[in-house]
2 protein chains.
Amino acid sequence: MKVLLVDDDPTLRQTLGIGLRAAGHEVLVTADGRSAIQAAHEDAPDVVVLDLGLPDLSGLDVLQRLRASSTIPVVVLSARAESTEKVQALNLGADDYVTKPFGMDELLARIRAVARRAGSDVPVIRAGDLVIDLPARRVARAGVVIRLTPTEWGLLDLLVRTPGRLVSQQDLLHQVWGPAYGRETHYLRVYVAALRKKLEHDPASPRHLITEPGMGYRFEP
Amino acid sequence: MKVLLVDDDPTLRQTLGIGLRAAGHEVLVTADGRSAIQAAHEDAPDVVVLDLGLPDLSGLDVLQRLRASSTIPVVVLSARAESTEKVQALNLGADDYVTKPFGMDELLARIRAVARRAGSDVPVIRAGDLVIDLPARRVARAGVVIRLTPTEWGLLDLLVRTPGRLVSQQDLLHQVWGPAYGRETHYLRVYVAALRKKLEHDPASPRHLITEPGMGYRFEP
DNA sequence: GCCGATCTTGACGAGTTCCTGACGCCGGGA
DNA sequence: TCCCGGCGTCAGGAACTCGTCAAGATCGGC
């Protein structure tokens, strides 16, 4: 597994690097946030191990920027056990949070757990000539990337996560628009229409985004 | 899996929510008992995680009301390890009881266990060449998907949930059309006929949707 | 503060679903 | 034999749902 290690402390960098390699991982190392973000994009690691408290950007900043453009699993290291920082980190999308001091065993276990979860999803769905990459938030039809608005994504995401299964109108409204919405089925009609226009060959007779009258919608692979 | 999280502590709500989402669950959150009960009905979660000690209703009350109308698995969280409360909760129908402080891993494991137990109930029913997938809202006969209207679904759903057992006309009317309906047995005749037409080989001599004259109907697998 | 993209809202036609009444069949009892 | 209650069937019209288009409101970036 390819691990990107981001830490400004040379000693720790070395220690962790050795431990990770000993466990059979391929290790990339950077010492600051800027190069970390760059490396995360260019080298496509499987996991990022991120130490908070870097020289140029705060670790939380790095995390935020990472999350803005990718869903690579991130394990955060920190010297503080404070709950606020921990919650902040998890809020920004960290997948796990490890407090120093920690044993190499623990870190390895967390990395394994986090990577397993990320891999076990259903990252890319193929349906006909559609390719839907949920983590990357990309859809392509016949190789051409299609732009979706945030709401369109919310809807498609929800439907695609349970292929072939009906999702009720209420569920869709609650999840995409919020718990206060439950009767505004009009929204669904408008946005399903928009999705069909972008994704279906013949929006008038859809093959993937199927209506179940009176009940909801389903995504058919 | 869809998890309904009921907790009045915002911090805990956030932390648990993140943990649950990280584990791949879809998370619905409510902060009080009233909305919890509502959400449990409207959103049909797979599991409810219920913290005792809510502002408006006691957690045990919520549990009781939930159980009055549904069999959704419930995992109870509590700060107390007292045996009496634990026994009370389990008596009221809680499926598991977790004492604070607990690890995310533990909670996830319990949720999984509880949902597995409940899920082994009636996910997909096979009867002859019929395949009825209740959660996905799909029926197929001899491999061909059959479209049902919402009312037809309501009826079939109810009958199929207790295979081989008689369901009275009143029960059917109450559950599908509402508590105000009880004498309109005509509806049943029309819709049972429609179901037979779609599901039975020979609608005139049904093998699955059986009439019990004067009593009700029965689904025979 | 402006401009473009996105989201909301309204109106209407087409199609489906639901309700309702009428009728026929069957078996049991008078 | 006739009557009667319960069930199955059919068909028409009312009511609802969905898809569509377009115009206004709102949001966000520059």
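Quick caveat: nothing in here was measured; it's all calculated off a predicted structure. Quick note on labels: first sequence line is chain A, next is B, and so on, each numbered from 1.
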Contact class for [X] vs. all strands (heavy atom < 4.0 Å): base, sugar-phosphate, or nothing?
X        : answer
B:Tyr217 : sugar-phosphate
B:Val192 : nothing
A:Glu152 : nothing
B:Thr151 : sugar-phosphate

Checklist outcome for this item: Note: chain A reaches DNA chain C at heavy-atom distances under 4.0 Å over the stretch, first to last nt, 5' to 3', of C:dT6 to C:dA11

Checklist entry - Without hydrogens or angle criteria, can the side chains of B:Arg196 and B:Ser205 be said to hold a donor-acceptor pair below 3.5 Å? => result no

Non-hydrogen side-chain atoms of [X] and [Y] separated by less than 4.5 Å:
X        : Y        : value
A:Asp46  : A:Val3   : no
A:Tyr217 : A:Val167 : no
B:Leu77  : B:Leu16  : yes

Item to check | Boundaries of the DNA chain D segment in contact with chain A, non-hydrogen, under 4.0 Å | outcome: D:dT17 to D:dT20

Checklist entry - Would you call the rings of A:Phe219 and A:His208 parallel, tilted or perpendicular if under 30° counts as parallel and over 60° as perpendicular? => result parallel

Item to check | Test log, rule salt bridge (charged side-chain N to carboxylate O under 4.0 Å, His left out), inputs B:Asp133 and A:Arg165 | outcome: CA-CA 9 Å; B:Asp133 186 337; A:Arg165 221 179 119 158; over 6 Å; no

Checklist entry - Which residue, B:Tyr191 or B:His186, contacts DNA chain C at a nucleotide closer to its 5' end, judged by nearest heavy atom? => result B:Tyr191

Checklist entry - Are A:Glu152 and A:Lys198 close enough, and set up right, to give a salt bridge (charged side-chain N to carboxylate O under 4.0 Å, His left out), and what steps lead you there? => result CA-CA 10 Å; A:Glu152 287 165 0; A:Lys198 293 185 178 181; 2.9 Å; yes

Next on the checklist: Check for me whether the distance between the ring centres of A:Tyr191 and A:Trp177 falls short of 6.0 Å.
Outcome noted: yes

